[in-house]
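Before any comments, here is the structure.
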Amino acid sequence: MTANLVSTVEATGAPTEPDLDVVRSRWKDMPTKFWIGTGIVGVYALIAVFAYWLAPYDPVEPDVVNRLASPSWSHLIGTDELGRDVLSRLLVATRIDLTVGFLGAFFPMVVGTALGAMAGYFGKWVDVLIMRVADIVQAFPAYILIIALVFAFGQGAGTILIAFTITVWVVYARLIRDEILRVRGLDYVQAARAAGVPSWRIIGRHILPNTISQTVVYFTTDVLYAILAIASFSFIGLGIPLPAPEWGSMIEGGQEFLRDNWWLTVAPGVALSILGLGFMLIGDGLDDRLSE
Amino acid sequence: MTTKVDQTISSPLLSVRDLHVTFRSKHTEVTPVDGVDLEVAPGEILGLAGESGSGKSLTLRAILGLLPRGGSAKGDLRFAGDNGELVPYDPAAVRGSGMSMVFQEPMTALNPTMRVGDLIALGAQIHQGMSKADAMTEAVDLMREVGIPVPERRARSWPHELSGGLRQRVMIATALSTKPRLLLCDEPTTALDVTVQRQILSLLRRLAEERQMSMIFVTHDLPVLASIADRIAVMYAGRVVEINDSRELFRRPKHPYTHALMHSAPVIDVTEERLVGIEGRPPDPRRFPVGCRFADRCSFVADGCEDAPYRLGEIVDSSGTACVRELDLKGVR
Amino acid sequence: MGRYAFVVKRLLLIVPLLMVIVLLVFLLLKVTPGDPARLVAGLRASDEDVAEVRQELGLEDPVIVQYGNYLGGVVQGDFGYSYRSRQPVIDVIGARAAPSLWLAMGGLLVALAISLPLGIWAAVRRDAWVDQAVRWLSLFGVTMPAFWVGLMLIMLVALPTGWFPTGGFGDSATEHLHHMVLPALTLGISLSPIQIRSLRSSTIKVLESDYVQVGRSIGVDGLPLIRKFVIRNTISATITLLAIETSFLLFSMVIIESTFNIPGLGQGMVHAASQRDFPAIQGYTLLFALIVVGVYLIADIVNALIDPRVEISA
């Protein structure tokens with residue numbers, strides 16, 4: 001097997017930092033998959049916003065007479081075990097899953113970035129304290145902690161969001177803290193500070209570009225992980241409580257009818273996967289572009 | 001972009017004609033090696049000098065087929081077969097039998113999870129089908145030959161247990177393990193201490209002689225070649241700009257770049273790693289200028305230089321230059 | 001220091017972490033709303049009965065004492081008594097250990113069998129169609145939750161062919177094997193995308209190294225190159241990867257055991273959660289946390305022992 005392997009190329013100089021202007025100009029050169037991903041997520045976001053208007057039927061109201069109907073023109077994806085229109089439930093589930101998922105990544109990002117910035121900026125005991133807490137949190141297996149917290153505080157979106165925030169903030173904190181420390185150590189930054197360049201300029205020119213890009217890349221995949229976790233918890237009955245439509249609990253509901261009414265499980269799964277694909281494409285596209 | 005076909009060697013071991021190395025990425029295409037011709041005679045040491053970015057290392061890698069990701073080589077490369085006939089060769093095939101390379105950085109060149117003896121024995125095992133025991137004996141002999149003390153014990157060392165100089169000797173032993181007829185040396189002494197540099201240089205010289213082995217010795221440090229090379233080729237901006245017998249080159253350089261190289265650093269005992277004294281920088285390989293590529297830094301530039309062709313002229317008495325002006329430049333001897 | 005001393009030292013460093021974990025687990029239940037005493041006594045019990053139960057359970061003691069008791073119990077293997085079944089938690093958990101072990105082992109095997117060849121192949125043939133295909137496959141794999149994969153396998157394989165049961169664990173070793181095929185496959189598929197990505201990345205890093213170029217320069221290529229140069233230098237990263245995956249593996253196990261109705265630890269934890277069985281949930285959480293810490297420790301030690309660069313004199 002002849003392999004197309006790599007050897008080292010001579011380094012031609014010190015590594016450069018991305019300038020904020022350069023970061024802005026890169027938007028034009030995003031790879032196709034990024035735009036496809038954004039398109040997909042955009043469509044889902046629109047669905048989420050207009051879900052209640054788009055849904056032909058009430059997603060929650062049971063209609064037992066009509067239960068387990070096959071797909072037809074009146075019910076495009078049939079009805080579930082309580083007679084509810086699957087399509088309507090899917091549309092509303094989009095709203096719930098996407099919102100909770102997004103928040104489930106957003107809150108940790110805000111908390112983590114804030115704490116990490118504090119640790120990096122103030123240093124000393126603040127840094128030590130925050131990083132110790134981070135170490136302890138990271139030592140505890142995240143998913144296990146989430147299960148334990150869900151148990152402690154009962155199921156529901158609130159619990160899950162708290163659980164995510166408590167476990168995931170660490171990554172964001174380390175991202176920005178490490179960047180701050182790195183920039184602090186650069187010779188020309190120290191020179192700039194000595195010369196009196198104000199902090200906000202240093203933050204804006206040197207810290208933000210790298211941090212923003214890395215954070216955004218991580219954020220996009222984090223939303224996906226959040227949605228997957230929510231769906232998984234709902235599947236086992238510890239997530240979004242019934243009767244609210246959620247992809248995971250819909251799949252659980254359709255589980256016993258796998259043989260004859262397979263669309264009850266396939267449809268939510270496909271909906272979830274396509275959204276997931278959208279996020280992965282965005283994250284991958286960003287990653288590709290930023291590592292060029 | 002070829003130069004004269006008949007160089008001075010009657011039956012060369014290696015012939016490189018019109019070598020181009022190109023790197024393609026999504027948006028750009030760069031050709032840092034842009035038409036290089038070289039020949040190496042059996043038993044000869046050819047020095048290849050140039051600053052960082054001249055394309056000298058890539059030339060070596062292209063000869064062996066070990067280019068970095070995204071790189072591709074084009075050109076007429078021939079290696080002498082057993083009967084002495086120059087034939088085009090498959091780099092993958094020649095690596096284990098006719099040619100090998102000594103790399104620059106001893107700290108990273110050795111597999112950290114292999115004992116050095118095993119590494120040196122590997123070549124013999126794979127290509128000569130030796131048993132592990134026989135290959136180890138051979139490896140110990142090689143280690144002795146390259147000057148590693150107590151080779152039987154050292155063979156069981158891990159790379160991280162050895163000093164830079166010892167590691168480079170292991171590197172050389174590894175390169176020799178496949179009994180190459182041509183040894184490509186990519187700045188083998190650059191990363192070493194000065195005293196060790198000298199030892200390694202004289203080791204390489206001795207090995208070439210004892211084994212009747214040819215060598216291409218790449219370095220940015222022209223004076224180093226004074227003590228080891230038979231002929232020297234100087235590269236700048238992707239092409240060879242001068243080639244001559246070593247002594248002659250130092251006595252009377254025929255290209256302003258060679259002249260500048262010689263006079264910007266002491267001839268003997270070089271400690272500078274950077275080229276000091278020539279103002280300006282080499283041209284960007286993405287946008288090589290038309291005409292002479294050294295014109296903007298040349299102390300002897302004249303009208304017409306900027307449009308002058310940039311390639312080795314006719315080779316007379318084994319010397320050639322790319323400079324179109326007939327200059328009488330002073331050497332260092 | 002000798003090998004044994006090294007291991008012991010590592011173990012000692014873990015102790016503070018373990019204590020913090022036990023503390024966190026203990027505190028977790030303390031802050032949970034709801035009255036455990038009432039749960040045990042029953043909804044129709046009188047207030048006196050509940051008070052009596054509270055006394056029995058030691059819930060009247062100061063928190064520190066309760067913690068001390070709990071910690072002492074844990075160290076001796078006493079995790080308390082399940083509210084539900086009145087059995088010692090350790091027994092309840094122990095009974096469920098075997099199926100989970102089968103699942104975990106099977107899943108890891110499948111995951112490695114998929115990700116090792118694909119990850120390495122993709123790295124070696126970087127940018128070629130193999131690489132693209134593998135990357136797209138693992139990209140897509142991430143978007144499918146474990147329960148979905150499991151149900152699809154049931155729908156597309158178990159139901160139509162009838163070759164595999166759709167759930168349960170069976171009674172004999174052969175039955176266990178039979179029942180575990182689809183679940184292990186599901187777990188393996190869930191773990192693969194992360195593993196492929198990581199293996200590909202560490203293999204590329206090794207392939208770009210100088211020493212691999214040296215290997216190639218003496219004509220070592222193909223399988224010998226992979227064996228002696230690549231695998232040896234990616235083992236450490238792979239072991240670390242497996243350690244890091246453990247938390248996700250345990251979570252996936254919980255999900256998959258629910259999907260396939262396997263009477264393992266995961267299912268146990270879910271039942272304990274929905275039945276609000278405080279000691280049981282404590283026990284499971286503690287166990288899982290200990291498993292993860294234990295795996296990290298073992299990975300750390302193994303990595304140190306196999307790396308020739310680490311100085312451990314015999």
Side-chain angles (χ1 to χ4, degrees), chain A residues 1-9 33 135-137 139-155 167 221 224-225 227-229 231-233 235-238 247-248 251-252 254-255 258-259 262 265-266 268-270 272-281 283-284, chain C residues 17 20-21 24-25 28-29 31-33 124-128 135 139-140 142-148 151-152 154-155 159 166 204 207-210 212-213 216 221-223 225-226 246-248 250-252 254-255 258-259 269-270 272-274 276 281-282 284-285 288-289 291-293 296:
Chain A
M1 143 173 39
T2 51
N4 202 12
L5 303 178
V6 183
S7 67
T8 50
V9 185
K33 52 180 157 177
D135 285 336
I136 295 177
V137 168
F140 216 95
Y143 287 105
I144 310 305
L145 189 55
I146 295 174
I147 294 181
L149 285 170
V150 169
F151 167 72
F153 297 104
Q155 64 171 154
T167 45
T221 40
L224 173 59
Y225 291 144
I227 296 179
L228 286 171
S232 301
F233 274 104
F235 179 77
I236 56 178
L238 291 177
W247 288 325
I251 293 178
E252 200 280 327
Q255 195 178 1
L258 206 47
R259 199 188 298 268
W262 51 268
T265 38
V266 172
V270 170
L272 174 52
S273 282
I274 295 180
L275 177 61
L277 192 63
F279 278 115
M280 292 302 286
L281 288 175
D284 228 40
Chain C
L17 178 61
V20 172
I21 289 180
L24 282 178
V25 171
L28 190 68
L29 273 310
V31 303
T32 306
V124 168
R125 292 255 177 276
R126 193 173 178 191
D127 295 333
R135 290 172 72 189
L139 194 101
F140 202 62
V142 175
T143 68
M144 295 189 294
F147 59 90
W148 166 250
L151 288 177
M152 286 301 104
I154 292 179
M155 186 175 99
L159 289 182
T166 58
I204 284 180
L207 288 175
E208 288 178 354
S209 68
D210 273 353
V212 165
Q213 300 313 304
R216 298 188 67 212
D221 222 326
L223 277 171
L225 185 72
I226 303 281
T246 309
S247 174
F248 182 66
L250 291 173
F251 178 68
S252 302
V254 171
I255 303 294
S258 270
T259 313
M269 190 166 187
V270 176
S274 44
R276 304 193 69 79
I281 196 85
Q282 245 174 338
Y284 281 113
T285 309
F288 284 175
I291 290 177
V292 174
V293 170
Y296 266 109

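Residue numbers begin at 1 in each chain, while the letters A, B, ... track the order of the sequences.
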May I ask you to check whether A:Tyr225 and C:Phe248 place their ring centers less than 6.0 Å from one another?
no
Which value, rounded to the nearest 0.5 Å, describes the distance between A:Leu145 atom CG and C:Phe251 atom CZ?
12.5 Å
Residue selection (most heavy-atom pairs with chain A, distance under 4.5 Å) from C:Phe288, C:Phe147, C:Phe140:
C:Phe147
Name the region of C:Ala272, side chain, backbone, both or neither, that has any atom closer than 4.5 Å to a heavy atom of chain A.
backbone
I'd like to check A:Tyr143 versus C:Leu250 (side-chain heavy atoms, cut-off strictly below 4.5 Å). Are they in contact?
no
Taking every heavy atom of C:Thr143 against every heavy atom of A:Met280, the minimum-distance pair comes out as CG2-CG, 3.9 Å
For A:Phe279, which atoms come within 4.5 Å of any heavy atom of chain C: side chain, backbone, both, or neither?
neither
Working for side-chain contact (heavy atoms from CB on, under 4.5 Å), residues A:Gln255 and C:Thr259
CA-CA 9 Å; A:Gln255 195 178 1; C:Thr259 313; 4.2 Å; yes
So which part of A:Leu258 gets closer than 4.5 Å to some heavy atom of chain C, the side chain, the backbone, both or neither?
both
A:Phe235 and C:Leu151: which non-hydrogen atoms are nearest, and at how many Å?
CE1-CD1, 4.1 Å
Residue among C:Ile291, C:Val293, C:Thr285 with most heavy-atom pairs under 4.5 Å to chain A
C:Thr285
Contacting moiety of C:Val20, where chain A heavy atoms sit under 4.5 Å
side chain
Separation of C:Leu139 CG from A:Lys33 NZ (nearest 0.5 Å)
7.5 Å
Highest number of heavy-atom pairs under 4.5 Å with chain C: which of A:Thr265, A:Leu224, A:Ile274?
A:Thr265
Taking C:Trp148 as the fixed residue, which of A:Ser273, A:Ser232, A:Pro268 is the one that meets the side-chain contact (heavy atoms from CB on, under 4.5 Å) rule?
A:Ser273
Report which part of C:Thr246 has an atom under 4.5 Å of a heavy atom belonging to chain A: side chain, backbone, both, or neither.
neither
Against chain C, label A:Asp284 side chain, backbone, both or neither, depending on which of its atoms sit under 4.5 Å from a heavy atom there.
side chain
Per-residue contact mode, A:Ile236 against chain C (heavy atom under 4.5 angstrom):
both
A:Val266/C:Met152 under side-chain contact (heavy atoms from CB on, under 4.5 Å): CA gap, chis, key distance, verdict
CA-CA 8 Å; A:Val266 172; C:Met152 286 301 104; 3.6 Å; yes
Applying a strict 4.5 Å limit to non-hydrogen atoms, the region of C:Ile281 in contact with chain A is side chain
